[in-house]
There are 2 protein chains.
Amino acid sequence: MSARYLQIASELRLAVDRGEYPIGSLLPSEGELAARYGVARGTVRQAVALLEREGVVTHRQGARRTVVGAVPTQSFAEMQSFSMWAVSQGHVPSARVLHKEVRRVTGADVERLNAPLGEEVLDLRRVRLLDGVAVMVERTLYAGILAEHVLAMELTEGSITERLTESGFVYAHADHRIDAVSAGVVEAELLGVRRGSALLRQRRVTTSPSGVALEWSDDRYRADAVTITVRNSMSENTLARLSARGPGRARQVARPGPVGSSVGVF
Amino acid sequence: MSARYLQIASELRLAVDRGEYPIGSLLPSEGELAARYGVARGTVRQAVALLEREGVVTHRQGARRTVVGAVPTQSFAEMQSFSMWAVSQGHVPSARVLHKEVRRVTGADVERLNAPLGEEVLDLRRVRLLDGVAVMVERTLYAGILAEHVLAMELTEGSITERLTESGFVYAHADHRIDAVSAGVVEAELLGVRRGSALLRQRRVTTSPSGVALEWSDDRYRADAVTITVRNSMSENTLARLSARGPGRARQVARPGPVGSSVGVF
DNA sequence: CAGTGGTCTAGACCACCTT
DNA sequence: AGGTGGTCTAGACCACTGA
């Protein structure tokens, strides 16, 4: 039995999906919803706040909430795990292992993945396939505590994240850095694209509820394979844009001319 | 005088920044904070919920919140406007106008930008510069109501968004679609990169508080110019990953082989 | 088992939007 | 001016964490 406000949020979400509250229409007032569901206004507010963060409704003080859309939302787990995501989308995921090694974090890892120097990790590199087609190359560093669990797994199918979750590890929070890179020779070969072609790179640090980092990963997708979507709002912004020329007053020498050079071996 | 919970959130945020609550340490309990600030527990909860959405602290029922980091957060406006963002980062933004035209939305716009067919819009294309270096090519469709305002502006410097805000238009909500594309001939020329090199594409639909779309835009960044960051958590996920092969049970014919072809004229 | 966060209630006052 | 959301209070009970 989940919390009442979650039930109410679900009911409202479904009602929006069913077209009972078309896009552009107004939601009933908080008081009216409270009466309808037989709860206090505070509970209704928890429910609509959730819908607001999901991007389903907007807020304007003094006016009723407006329905802005029925947005497909993916769970944190589906965003975290390629396998779980693929399955939820109706695709068949698989993997091919390229490299598997327990070692210590090097300077290159620090720069690329923000991992802490010297820590013992499991370095796993795989090609990920969607319905048999290679769409992504990933490198994941698993924290030492996870290493033995991961090493004991079948790594070519199923979700590592899901099995770690079953073992009691909880993923709670993730930081993503998204940019574009050119395919190096190795990546081009693995993904079946031309060298130098565009890849979407998603680097991620995932932490447990207590803030301990569990994974550092670097995923590179074929440009035609996936799109990442994000919603933000005035009351809710987890998005930021970082300048590669350095934030702050940095006045580096501009580096014009061609870029697009390969990033080398993955 | 802002709301009490916002003040408390700011104070706690500052305390984290100052290192009073180091990363990995525990926040005082809600009850203790309520006593310290002389407010009800509910008010404290509003404050810490905000910090949690910002990614500063985590939540675990039954245990105190853990500090996970002092995260630089950008405002919604800074994420929305290239100019405002650049200035906030200590850079000098500018622009060069490529194209300016009032017209109706075509089928190509619908596909590329999700704009509604037939609506009258202002189509503005510019190159954006950071400290004099071209880093991004943008195409923005402004909704009809904004067109005359934008047409009356100086378009090579300053923030269009900022001036529209001053005119009373409120940006409240945005949907972003992020992927990678290869530079076409035109883009390569404008950005000073090689044809076919990787660009980070951010497509965005921005709406007012009442859910009316104000802008549709397509920004393409030099791969070495910017990185987009997003945070998400179990309790908060506005991120999703879309398959280009279509969601749902779609079983399209796999299209292997080289991609990375140019997307043509921008 | 004590401490702590998660949920919920009932009521209050204010700021803002709409008419 | 009336409706509505934004904020805040004071208290309650439950579920979970950790010693």
Side-chain angles (χ1 to χ4, degrees), chain A residues 1-12 21 24-53 56-68 168-170 172-173 208-212 233-236, chain B residues 1-12 21 24-53 56-68 168-170 172-173 208-212 233-236:
Chain A
M1 190 48 131
S2 65
R4 193 80 182 91
Y5 78 93
L6 291 175
Q7 298 171 19
I8 295 173
S10 296
E11 288 187 41
L12 290 173
Y21 301 116
S25 68
L26 299 178
L27 223 55
S29 72
E30 295 175 359
E32 191 178 326
L33 289 171
R36 180 185 307 177
Y37 291 108
V39 298
R41 195 180 140 216
T43 305
V44 167
R45 279 182 67 77
Q46 280 185 284
V48 294
L50 189 60
L51 295 182
E52 213 168 294
R53 291 199 295 272
V56 177
V57 299
T58 57
H59 81 131
R60 291 184 296 156
Q61 177 168 35
R64 291 192 180 183
R65 287 182 172 77
T66 308
V67 177
V68 292
F169 294 100
V170 182
H173 184 268
S208 74
S210 57
V212 178
S233 63
M234 260 186 332
S235 57
E236 191 69 30
Chain B
M1 193 49 135
S2 67
R4 192 82 182 90
Y5 79 92
L6 292 174
Q7 299 170 20
I8 295 173
S10 296
E11 287 187 42
L12 290 173
Y21 301 116
S25 68
L26 300 178
L27 223 54
S29 73
E30 296 176 359
E32 191 178 328
L33 289 171
R36 180 185 307 178
Y37 291 109
V39 298
R41 195 180 140 217
T43 304
V44 167
R45 279 181 66 78
Q46 280 185 284
V48 294
L50 190 59
L51 296 182
E52 212 168 295
R53 290 199 296 271
V56 177
V57 299
T58 57
H59 79 132
R60 290 185 297 156
Q61 176 167 35
R64 291 193 181 185
R65 286 182 173 75
T66 308
V67 177
V68 292
F169 294 100
V170 182
H173 184 269
S208 75
S210 58
V212 178
S233 63
M234 258 186 333
S235 58
E236 191 70 31

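Because only heavy atoms are used, hydrogens play no part in the values below, and waters and symmetry mates are left out as well, while side chains stay in. Predicted model only: the values in this text are computed from it and were never measured.
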Contacts under 3.5 Å, N or O only, protein and nucleotides 10-14 of chain D:
{"residue": "dA12(D)", "atom": "N6", "partner": "Arg41(B)", "partner atom": "NH1", "Å": "3.3"}

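- For the pair Leu50(A) CG and dC8(C) P, the interatomic distance rounds to 12 Å; values are reported in whole Å.
- The ring-ring contact (aromatic ring centres under 6.0 Å, His included) check on Tyr5(B) picks up nothing, with sequence neighbours excluded.
- Partners of Arg45(B) under the side chain to side chain contact (heavy atoms under 4.5 Å, CB included) rule, at least two apart in sequence or in another chain, are Glu30(B), Arg41(B), Arg65(B).
- Regarding Gln46(A), its CD atom lies at a distance of 11 Å from the P atom of dG6(C), rounded to whole Å.
- Whole-Å rounding puts the Leu51(B) CG to dG5(C) C1' distance at 15 Å.
- For Thr43(B) and dT9(D), the shortest distance from a side-chain N or O to OP1 or OP2 is below 4.0 Å.
- For the side chain to side chain contact (heavy atoms under 4.5 Å, CB included) test, residues two or more places apart in sequence or in another chain that qualify with Thr66(B) are Ser210(A), Leu26(B), Thr58(B), Arg60(B).
- Side-chain nitrogen and oxygen atoms of Arg45(A) include at least one within less than 4.0 Å of the OP1 or OP2 phosphate oxygen of dG6(D).
- An OP1 or OP2 oxygen of dT4(C) is reached within less than 4.0 angstrom by a side-chain nitrogen or oxygen of Arg64(B).
- Two residues are said to be in side-chain contact when any heavy atoms from C-beta on lie closer than 4.5 Å; Leu50(B) and Arg53(B) meet this criterion.
- Taking the side chain to side chain contact (heavy atoms under 4.5 Å, CB included) definition, one finds that Ser10(A) meets it with Arg13(A), sequence neighbours left out.
- In this structure, NE2 of His59(A) is placed 12 Å from P of dG5(D), rounded to the nearest angstrom.
- Every residue two or more places apart in sequence or in another chain was checked for a side chain to side chain donor-acceptor pair (under 3.5 Å) with Tyr37(A), and none qualifies.
- Atom CZ of Arg4(B) is separated from atom P of dC14(C) by 18 Å (rounded to the nearest Å).
- The structure places OG of Ser208(B) at 11.0 Å from NE2 of His173(B), a figure rounded to the nearest 0.5 Å.
- Scanning for side chain to side chain donor-acceptor pair (under 3.5 Å) contacts around Arg4(B) gives Gln7(B), with sequence neighbours left out.
- If you check dC17(C), dT4(D), dC8(D) against the side chain of Arg60(A), the one that comes closest is dC17(C).
- One atom, OH of Tyr5(A), and another, C1' of dT9(C), lie 16 Å apart when rounded to the nearest Å.
- Atom P of nucleotide dC17(C) and atom CZ of Arg65(A) are separated by 14 Å, given to the nearest angstrom.
- Scanning for side chain to side chain donor-acceptor pair (under 3.5 Å) contacts around Gln46(A) gives an empty result, with sequence neighbours left out.
- Near DNA chain C, meaning a heavy atom under 4.0 Å away, there are no residues from residues 28-35 of chain A.
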